[in-house]
Student: 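My questions all concern the structure below.
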Amino acid sequence: MAVRPAFRLSPEGPLLILAVAAVAAVSLPLWQVAPTTPTASVWFGTERLTRLLLGPEQLLCYGCFIWAGLILLVRRRESVRQERALGLDLLPDDPTWRILPADAPMMQRKIERLAEPYGPLVLVDWLSAALRLFGRNRSVMEIDAHVNTLADLEMGRLAASMGRVHYLAWALPALGFVGTARGIAMALSVAPAIGTDANAAFLDLITRSLAVTFDTTFIALVLSLVLMFFITSQQRMEEILLLDLQQHVSSVVHEQFHVPRDRAHSTHPGEA
């Protein structure tokens, strides 16, 4: 039977459009009002800040950062939704309650009916798979191994779905180095165009071109550091969530699944 993906991950295309719109909505007005002439202060002038924050490579970095941030935000909200499933009353809290193989199909339908308003849930899928297998072969050890396999598959699927975010985290410093190459190229290209009697203008152009080199790299590396922090935090959250869900299902299997020695006895759960 095919494994249904229970994690609801939004398509990344609309999030890209939203990221581009956000960057354009902020940067275009700032670009129009920002001064383009040099100011007296080299480090704190508005013209200097414009070149530092609103260069083409910087805008690309902002777009990548916001796109990755939106993807991680959607994943975090989904992880919180999946974690809330642990608080649902899917099974009785009575420690004496036992589920017999004959009761497994009924309990499976009950759990799926109770969780239907909450959408697809990993916990419900794993409990349903455990109950379905328990009703067929009555082997707790095989059920435990099957749940472990489901957990490994879900962990691998979540890790694979982070590929886009990892690429964006790698793209940020790469874009910074693109700006570095562009700044060095600009600095070298102005040298033949300046005469020997224009040393002041030559030094000014060289300084501004080299500033692009360091500005783009600085912004890209800062954004990359911030993004990697959120990536590792989200991965850790997802890994802990899957471990908690796996432990919960395993405890249910070992504590509440019961195969009576005499199968002729009543199969009512309260009589086990």
Side-chain angles (χ1 to χ4, degrees), residues 1-23 25 61-91 107-132 144 146-172 223-253:
M1 180 177 293
V3 178
R4 180 187 63 173
F7 270 81
R8 297 189 302 191
L9 303 178
S10 300
E12 297 172 353
L15 298 180
L16 172 60
I17 297 175
L18 182 59
V20 172
V23 173
C61 288
Y62 299 150
C64 292
F65 180 80
I66 295 176
W67 188 18
L70 291 175
I71 295 175
L72 292 176
L73 179 61
V74 171
R75 296 179 71 99
R76 179 165 291 270
R77 292 183 59 184
E78 177 61 16
S79 297
V80 172
R81 188 184 73 87
Q82 295 288 344
E83 187 177 10
R84 289 174 181 169
L86 292 170
L88 299 179
D89 294 329
L90 300 176
L91 294 172
M107 293 301 301
Q108 178 185 350
R109 292 190 297 268
K110 177 182 177 181
I111 289 175
E112 293 175 350
R113 184 175 64 254
L114 291 175
E116 186 175 359
Y118 303 97
L121 295 172
V122 175
L123 178 61
V124 174
D125 286 355
W126 291 359
L127 285 175
S128 297
L131 288 168
R132 183 168 54 251
D144 202 22
H146 183 64
V147 171
N148 293 338
T149 301
L150 292 178
D152 293 338
L153 290 174
E154 194 67 38
M155 187 77 73
R157 193 181 71 85
L158 288 179
S161 63
M162 287 286 285
R164 183 84 63 183
V165 180
H166 285 295
Y167 170 79
L168 293 174
W170 171 87
L172 285 175
L223 293 179
S224 178
L225 288 173
V226 176
L227 180 58
M228 287 304 302
F229 171 78
F230 288 117
I231 290 175
T232 54
S233 298
Q234 180 60 30
Q235 286 181 323
R236 179 175 178 270
M237 182 179 185
E238 292 176 355
E239 291 172 0
I240 293 177
L241 170 63
L242 291 181
L243 290 175
D244 290 341
L245 295 176
Q246 182 181 2
Q247 182 180 6
H248 179 77
V249 175
S250 180
S251 64
V252 169
V253 170

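Residue numbers count from 1 along this sequence. Owing to the predicted nature of the structure, the values given are computational and were not obtained by experimental measurement.
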Student: Quick one: pull up CE in Met237 and CD1 in Ile240 and give me the separation to the nearest 0.5 Å.
Tutor: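 If I round to the nearest 0.5 Å, the distance is 9.0 Å.
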
Student: Out of curiosity, Leu131 CG to Lys110 NZ, how far, rounded to the nearest 0.5 Å?
Tutor: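 Rounded to the nearest 0.5 Å, the CG-NZ separation comes to 11.5 Å.
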
Student: Once you round to the nearest 0.5 Å, how far does OG of Ser250 lie from NE2 of His248?
Tutor: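 Ser250 atom OG to His248 atom NE2 measures 11.0 Å (nearest 0.5 Å).
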
Student: Do Leu88 and Val124 have side-chain heavy atoms sitting under 4.5 Å apart?
Tutor: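 No, their side chains stay 4.5 Å or more apart.
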
Student: Out of curiosity, Ile66 CD1 to Leu223 CG, how far, rounded to the nearest 0.5 Å?
Tutor: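 With rounding to 0.5 Å, CD1 (Ile66) is 9.0 Å from CG (Leu223).
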
Student: Excluding sequence neighbours, so at least two apart, what forms salt bridge (Lys or Arg N to Asp or Glu O under 4.0 Å) with Glu12?
Tutor: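 Listed in chain order: Arg164.
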
Student: Who are the side-chain contact (heavy atoms from CB on, under 4.5 Å) partners of Leu91, not counting sequence neighbours?
Tutor: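 Leu91: side-chain contact (heavy atoms from CB on, under 4.5 Å) contacts with Ile99, Met107, Ile111, Val252, Gln256.
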
Student: Rounded at 0.5 Å granularity, tell me how far CG in Leu16 sits from CD1 in Ile71.
Tutor: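 Reported value, rounded in 0.5 Å steps: 8.5 Å.
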
Student: Go through the structure and list residues passing side-chain contact (heavy atoms from CB on, under 4.5 Å) with Asp152, not counting sequence neighbours.
Tutor: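 Counting only residues at least two positions away or on another chain, Asp152 forms no side-chain contact (heavy atoms from CB on, under 4.5 Å).
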
Student: Which pair of non-hydrogen atoms, one from Pro11 and one from Pro14, has the smallest distance, and what is that distance?
Tutor: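 Minimum heavy-atom contact is O-CD, 3.5 Å.
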
Student: Are Arg157 and Glu154 within salt-bridge range, i.e. N to O under 4.0 Å?
Tutor: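 Looking at Glu154 together with Arg157, the answer is yes, because their closest N to O distance falls below 4.0 Å.
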
Student: Identify the two heavy atoms, one from Leu123 and one from Ala85, that lie closest to each other, and give their separation to 0.1 Å.
Tutor: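 For Leu123 versus Ala85, the nearest heavy atoms are CD2-O, 3.4 Å.
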
Student: Could you tell me which residues satisfy side-chain hydrogen bond (donor to acceptor under 3.5 Å, both in side chains) with His166, sequence neighbours excluded, listed by chain and number?
Tutor: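 Checked His166 against side-chain hydrogen bond (donor to acceptor under 3.5 Å, both in side chains); matches are Gln235.
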
Student: Checking Val23 against Trp67 for the side-chain contact (heavy atoms from CB on, under 4.5 Å) test, could you report, in this order, the C-alpha distance in whole Å, the side-chain angles of both residues, the deciding distance, and whether it holds?
Tutor: CA-CA 10 Å; Val23 173; Trp67 188 18; over 6 Å; no

Student: What is the minimum heavy-atom distance between Leu150 and Ala129, and which atoms define it?
Tutor: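 Minimum heavy-atom contact is CD1-CB, 3.8 Å.
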
Student: Glu78: what forms a side-chain hydrogen bond (donor to acceptor under 3.5 Å, both in side chains) with it, not counting sequence neighbours?
Tutor: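 Partners of Glu78 by the side-chain hydrogen bond (donor to acceptor under 3.5 Å, both in side chains) criterion, ordered by chain and then number, come out as Arg81, Gln82.
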
Student: Suppose we screen for side-chain hydrogen bond (donor to acceptor under 3.5 Å, both in side chains). Which residues come up paired with Ser161, at least two apart in sequence or across chains?
Tutor: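 Listed in chain order: Arg75.
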
Student: For Ala130, check side-chain contact (heavy atoms from CB on, under 4.5 Å) against everything at least two apart and list the hits.
Tutor: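 Listed in chain order: Ile143, Val147, Val253, Phe257.
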
Student: Using 0.5 Å steps for rounding, measure from the SG atom of Cys64 to the CH2 atom of Trp170.
Tutor: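 Atom-to-atom, Cys64:SG and Trp170:CH2 are 10.5 Å apart.
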
Student: My understanding is that only residues two or more places apart in sequence, or in another chain, count here; which of them pass salt bridge (Lys or Arg N to Asp or Glu O under 4.0 Å) with Arg76?
Tutor: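 Arg76: no salt bridge (Lys or Arg N to Asp or Glu O under 4.0 Å) contacts found.
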
Student: Considering non-hydrogen atoms only, spot the tightest contact between Ala169 and Ser224 and give its length.
Tutor: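 For Ala169 and Ser224, the tightest heavy-atom pair comes out as O-OG, 3.6 Å.
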
Student: Output all residues satisfying side-chain contact (heavy atoms from CB on, under 4.5 Å) with Val226, sequence neighbours left out; order by chain, then residue number.
Tutor: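 In terms of side-chain contact (heavy atoms from CB on, under 4.5 Å), with neighbours along the sequence ignored, Val226 is linked to Phe65, Phe230.
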
Student: The criterion is ring pair (Phe, Tyr, Trp, His ring centres under 6.0 Å); which residues satisfy it with Tyr118, sequence neighbours excluded?
Tutor: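 Once residues adjacent in sequence are excluded, Tyr118 has no partner under the ring pair (Phe, Tyr, Trp, His ring centres under 6.0 Å) criterion.
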
Student: Please report the closest heavy-atom contact between Met162 and Ile231, naming both atoms and the distance.
Tutor: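 The pair with the smallest heavy-atom distance is CE-CG2, 3.8 Å.
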
Student: For Asp125, is there any backbone N or O sitting under 3.5 Å from a side-chain donor or acceptor partner on Ser128?
Tutor: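 No: the side chain of Ser128 does not pair with the backbone of Asp125.
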
Student: If the condition is salt bridge (Lys or Arg N to Asp or Glu O under 4.0 Å), which residues does Arg109 pass it with, not counting sequence neighbours?
Tutor: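 Arg109: no salt bridge (Lys or Arg N to Asp or Glu O under 4.0 Å) contacts found.
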
Student: Sequence neighbours left out, what passes side-chain hydrogen bond (donor to acceptor under 3.5 Å, both in side chains) with Arg84? Give chain and number order.
Tutor: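 In terms of side-chain hydrogen bond (donor to acceptor under 3.5 Å, both in side chains), with neighbours along the sequence ignored, Arg84 is linked to no residue.
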
Student: Looking at every non-hydrogen atom in both residues, tell me the closest pair between Leu241 and Ser79 and how far apart they are.
Tutor: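 Scanning both residues completely, I find the closest heavy atoms to be CD2-O, 3.6 Å.
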
